[in-house]
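Here the structure is a predicted model, which means the values were calculated and not measured.
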Amino acid sequence: MSNPAVDIASTIQSASIKHNPDPAHDLNPSTAASTKRPVSPTTSIASSENSIPSSAVKPVPRRTNLPPLPDLRFEQSYLASLHGVDTWYGIAWITGRDQVLLPLVQGTLWTLALSGWRHWNRGASFSGRNLGGKVRRWWWGVNNWSIPSIPEDEVKG
């Protein structure tokens, strides 16, 4: 028996799918670059000593049409996760989880990882005793930049 909630979600999600796209027309809209033509050797340029003769201009041949891009939209995995849902609040939970909660958690974890990396790298950048630390201290001294103070436990660490 078909679930009406899944049928409604499936209809809404699949309304934008073009099942038989034409690579010549459906990949992207035309732009100003679509109508430009390469320079041909017969084009005349006003002769002067500073201009390049048109016979020296070699237009780059255009590549053949690329295959269409794969469909990487959200809808296929969304419909698969809605497959066994029977109630409207189940659909609301899955939608909120996939569209709000998981991107929020992913962004938070990524920001914490970058902040930790910056904190660690800031302390390690001047406390190193190898060539990289020496070069960095030398460069800051050459530019008359103030070298940040390093706690003793980081220098020995």
Side-chain angles (χ1 to χ4, degrees), residues 2-39 52 57-157:
S2 178
N3 185 350
V6 173
D7 290 341
I8 292 171
S10 175
T11 303
I12 291 171
Q13 287 293 315
S14 63
S16 64
I17 296 176
K18 188 172 250 187
H19 295 284
N20 297 314
D22 182 11
H25 296 94
D26 296 327
L27 289 181
N28 60 5
S30 61
T31 63
S34 301
T35 58
K36 290 184 178 180
R37 289 185 232 165
V39 175
I52 299 173
V57 177
K58 304 254 186 212
V60 178
R62 292 186 179 250
R63 296 190 321 180
T64 58
N65 287 342
L66 297 173
L69 294 173
D71 186 14
L72 299 175
R73 291 179 284 188
F74 169 74
E75 58 201 340
Q76 300 303 321
S77 62
Y78 177 70
L79 291 176
S81 63
L82 288 179
H83 183 63
V85 179
D86 293 332
T87 60
W88 67 269
Y89 53 86
I91 294 173
W93 165 248
I94 289 173
T95 304
R97 178 192 68 191
D98 291 351
Q99 293 292 311
V100 178
L101 187 63
L102 292 178
L104 178 68
V105 169
Q106 179 185 6
T108 302
L109 291 176
W110 181 247
T111 301
L112 288 174
L114 288 180
S115 297
W117 171 259
R118 285 189 197 116
H119 177 72
W120 176 82
N121 197 25
R122 188 179 307 119
S125 62
F126 290 102
S127 64
R129 294 177 189 229
N130 59 7
L131 180 63
K134 290 177 184 177
V135 168
R136 190 171 289 115
R137 285 190 295 274
W138 170 80
W139 182 251
W140 278 53
V142 166
N143 290 308
N144 294 324
W145 296 340
S146 62
I147 297 175
S149 62
I150 305 166
E152 281 298 317
D153 59 342
E154 287 186 23
V155 173
K156 294 177 183 175

Exercise. Roughly how far, to the nearest 0.5 Å, is CG of Leu109 from CG of Leu104?
Worked result: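 Rounded to the nearest 0.5 Å, the CG-CG separation comes out at 9.5 Å.
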For this session: Please list, chain by chain and in numerical order, all residues satisfying side-chain contact (heavy atoms from CB on, under 4.5 Å) with Leu112, sequence neighbours excluded.
Result: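 side-chain contact (heavy atoms from CB on, under 4.5 Å) list for Leu112, sorted by chain: Thr108.
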Exercise. Excluding sequence neighbours, so at least two apart, what forms side-chain contact (heavy atoms from CB on, under 4.5 Å) with Trp145?
Worked result: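 So Trp145 forms a side-chain contact (heavy atoms from CB on, under 4.5 Å) with Trp139, Trp140, Asn143.
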Under 3.5 Å, which donor-acceptor pairs link side chains of residues 77-89 to any protein atom two or more places apart or in another chain?
unit_1 : atom_1 : unit_2 : atom_2 : d
Ser77  : OG     : Phe74  : O      : 3.1
Tyr78  : OH     : Thr95  : OG1    : 2.6
Ser81  : OG     : Ser77  : O      : 3.4
Ser81  : OG     : Tyr78  : O      : 2.8
Thr87  : OG1    : Gly90  : N      : 3.3

Problem set entry | Trp117: partners by ring-ring contact (aromatic ring centres under 6.0 Å, His included), with sequence neighbours left out | Trp120
